[in-house]
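To start, the structure itself, in structure tokens.
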Amino acid sequence: MLELKDVHTYYGNIHALKGISLKVEKGEIVTLIGSNGAGKTTTLRTIQGLLRPRSGSIVLEGEELTKIPPHLITERGVSQSPEGRLIFPRMTVLENLEMGAFSRKDKDGIKRDLERVCIVFPRLKERVKQKGGTLSGGEQQMLAMGRALMANPRVLLLDEPSMGLAPILVEQIFQIIQELNKQGTTILLVEQNARMALSIAHRGYVLQTGHIRLQGDAKRLHDDEEVRKTYLGEE
Amino acid sequence: MQKLRTALIIGATSAAITFLFGGWSAVVVGVIAGAVIGMTYGQRSALRTPNGIGREAVVPGLVGGLVVVLGGVIHQFIVRPATGQSPFFTHTLRFFGSNAQIDSITVLIISSVVAILAAAAAAFLIGSAQGLPPDKRNRQIAFALGGFLLLFPFYEQITNLNWMGALITVQIYILLALGLNIVVGYAGLLDLGYAAFFAIGAYTTALLNSPRIEIQWNFWLVIWIAAAVAAIAGIVLGAPTLPLRGDYLAIVTLGFGEIVPVIFRNLIAVTIREPFTRFCFVGCDPAVEVRIACLYSCEGPLNLTGGEAGVNPIGRPVIPFTPDSLFGSSSYLPWYFLVLALIVFSIFLISRLRDSRIGRAWMAMREDELAASQMGIDPVKTKLLAFSMGATFSGFAGAFYGAYIAAIFPGVFDFSVSVIILCMVILGGLGNMIGVIIGGILIMGTDRLFLPQIATLLKKFMQVSVLPNVSNEALRDFLSTSVDPIQMRLALFGIVLVIMMLVRPEGLVPSAERRAELHAGEEPRGAPVTADEPTT
């Protein structure tokens with residue numbers, strides 16, 4: 001469904017992605033794990049067109065994305081819950097969610113998705129009129145995910161949904177991710193919390209300084225000795 | 001008791017105006033004070049029926065009116081003698097041509113009684129509106145405000161208050177501030193060169209609607225052209241600033257604001273050759289080309305903008321079926337209503353823009369540019385639109401200003417104008433139109449109406465009451481030359497700004513979002529959400 005082939009991205013002269021190739025099939029949860037600075041967020045931003053790859057191709061269901069301007073990529077069905085959430089603090093929860101559907105024109109569909117988001121995140125429903133900036137960290141994460149869902153994406157990109165959250169909330173967020181996937185959403189999940197990510201994903205990629213270091217079935221990666229040592233902190 | 005205290009504070013603040021102007025000003029000030037009291041009153045009232053709240057507001061209204069009137073009395077019997085004017089003199093009433101004389105004590109009695117009653121009535125009207133559901137409430141307030149704005153100029157004319165000239169300037173600046181509010185308040189782009197668009201609007205009018213050109217274009221057409229030219233200038237400025245944010249953007253706009261007046265100052269020897277003074281429509285024979293406009297001396301160099309001396313005169317608007325002298329210099333009334341109409345029209349347009357997809361995109365960009373572009377907002381289009389829409393309204397203001405003053409000079413559009421407009425937006429409350437209007441009234445009203453009056457009174461006061469009693473010559477010299485609030489206006493202005501930013505950084509009438517942001521720590525978590533800005 002979504003395929004990256006040998007993508008190279010630069011920040012000025014810094015070679016951030018050194019030939020990333022990965023694949024997300026329909027209905028999958030694919031996780032991208034790696035340490036700080038490995039290029040996880042850069043990969044997601046490149047997919048969304050916020051950064052332009054210098055070479056390589058990104059194909060979504062047969063359509064090349066690297067030539068499309070970023071605001072139209074959202075329309076093609078790629079939406080992201082960004083790192084650090086980046087919700088609109090002075091807009092209400094409802095307005096935040098509506099912003100998620102900014103590039104859509106089908107009013108009925110938007111209404112349907114709004115109802116769906118309210119079912120998935122009952123906490124948001126209670127707080128529709130509250131300003132985004134007054135929500136707690138976990139609620140803001142839910143809002144960022146809900147906002148991304150409002151675009152009715154074909155591929156949902158989640159960037160570090162567990163960042164800065166209490167363990168109990170992390171568990172809750174991951175349950176929701178699994179739930180969304182069961183409802184049919186294809187998800188590309190970027191995480192530092194490798195253990196949690198590998199436990200819910202179907203497949204995984206391990207990213208190291210701009211290269212794909214390992215890839216494969218999530219269970220196999222979880223049992224891989226190198227992964228255990230480096231990312232799961234086990235001896 | 002607390003409500004009476006509020007009424008006393010509002011009354012005393014307003015009485016500062018009657019203290020300065022005395023006489024007939026009491027009625028106007030009384031109405032305003034009463035309305036403000038009604039506004040604050042309804043919010044805390046225990047009764048929720050419109051009439052109940054209205055009745056409760058009557059007494060504070062009366063008290064406020066009384067305080068206002070007290071200011072007028074002090075003016076007449078203390079300020080006037082202290083400044084060497086007799087408290088007993090004759091007022092002139094003007095009834096559109098015929099005059100009537102009336103002595104000052106009668107004026108004081110009549111205006112005091114009317115002022116107190118009017119304050120109570122205004123408090124009742126606005127107070128009772130507070131008990132209505134939001135849209136009905138807004139409609140009632142809008143009607144009351146509209147009535148006041150329609151009647152006020154006639155009252156001013158009859159009683160010879162002489163406020164109108166200053167008031168029209170205030171209105172022009174409000175129009176400018178409304179436009180800048182789009183750029184700074186909604187889209188969050190700091191623009192320090194906004195006066196440039198004002199200049200572009202004014203000069204467009206000056207060039208198209210001046211006796212210097214062969215066919216003088218009609219004002220009603222020119223005002224749209226001026227707005228369009230300003231909008232295009234907004235895009236021209238916006239384009240190079242696209243990759244910039246925050247401080248860098250502010251510096252570029254600052255440069256633009258400096259460049260534009262310099263260009264107008266120096267466009268004094270321009271040679272416009274054939275294609276620009278003579279137009280040939282597609283397919284026509286060049287021999288019978290249509291000459292649309294020729295500025296005087298089409299063949300040689302042309303003084304396009306008049307340099308430092310500016311353009312003078314500029315054509316005035318003419319309404320069909322009315323005398324051409326309607327917009328002459330003798331009466332302010334038509335100008336007042338014209339600029340009022342422009343403001344109402346702008347408020348309508350801007351509120352529609354704010355609630356549209358574009359408005360949402362602006363606010364999302366202001367909140368977080370990265371997240372906004374992830375939502376599928378095109379940052380290029382959104383930014384350019386903000387600049388050009390903001391410029392459009394200053395184009396209106398510029399066109400009106402050119403026609404109203406009938407002469408423009410490049411020196412009028414310098415950096416301080418940009419700063420003052422920006423201060424109006426920030427002082428009133430970033431992103432809130434009502435706040436911006438109030439900020440404009442406060443800043444420009446103080447600058448154009450109160451400071452000159454204070455200056456006149458203070459000068460007389462010095463001459464009559466202070467200087468004769470000062471024996472030290474050096475001190476007398478110092479006092480007679482240095483005590484001038486007009487000279488100190490920028491210093492006073494600066495002090496007010498510093499205090500304001502320390503005490504109330506969100507502005508006088510902030511939009512709900514800014515209040516939430518700047519006082520987030522002070523409110524308990526999960527506090528009830530404040531209502532959004534009221535729309536009129």
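Sequence lines set the chain letters: A, B, ... in the order given, protein chains first and strands last, and positions in each chain run from 1.
Around the CG atom of D135(B), the shell of radius 6.0 Å holds more than 12 heavy atoms that belong to other residues, nucleotides or ligands. More than 12 heavy atoms of other residues, nucleotides or ligands sit less than 6.0 Å from atom NZ of K18(A). Enclosure of atom CD1 in I168(A) is not indicated, since only 12 or fewer non-hydrogen atoms of other residues, nucleotides or ligands lie within 6.0 angstrom. Heavy-atom contacts from other residues, nucleotides or ligands closer than 6.0 Å to CZ of R352(B) number 12 or fewer. Within a 6.0 Å radius of CZ in R52(A), more than 12 heavy atoms belonging to other residues, nucleotides or ligands are found.
Ranked by heavy-atom pairs shorter than 4.5 Å toward chain B, the options P69(A), A144(A), P89(A) are led by P89(A). Each of P379(B), A361(B), G376(B) has some count of heavy-atom pairs under 4.5 Å with chain A, and the biggest count is that of G376(B). Comparing Q80(A), M150(A), R85(A) by heavy-atom pairs within less than 4.5 Å of chain B, the highest count is held by Q80(A).
Two residues are said to be in side-chain contact when any heavy atoms from C-beta on lie closer than 4.5 Å; Q374(B) and S79(A) fail this criterion. You'll find the side chain of I377(B) reaches within 4.5 Å of the side chain of M99(A), heavy atoms only. Looking only at side-chain heavy atoms (C-beta outward), K381(B) and H71(A) stay at 4.5 Å or farther from each other.
Here the closest non-hydrogen pair linking R45(A) and L370(B) is NH2-CD2, 3.4 Å. Considering every non-hydrogen atom in both S373(B) and L50(A), the closest pair reads OG-CD2, 3.7 Å. E367(B) approaches R90(A) most closely through the heavy-atom pair OE1-N, 2.5 Å.
Using a 4.5 Å cut-off between heavy atoms, R104(A) touches chain B through its backbone atoms (N, CA, C, O) alone. With a threshold of 4.5 angstrom between heavy atoms, E75(A) does not approach chain B through any atom at all. Contact annotation for T74(A): only side-chain heavy atoms (C-beta onward) come within less than 4.5 Å of a heavy atom of chain B.
With rounding to the nearest 0.5 angstrom, the CZ atom of F102(A) is 9.5 Å from the CZ atom of R360(B).
No option in M375(B), M365(B), M363(B) other than M375(B) meets the side-chain contact (heavy atoms from CB on, under 4.5 Å) test with F88(A).
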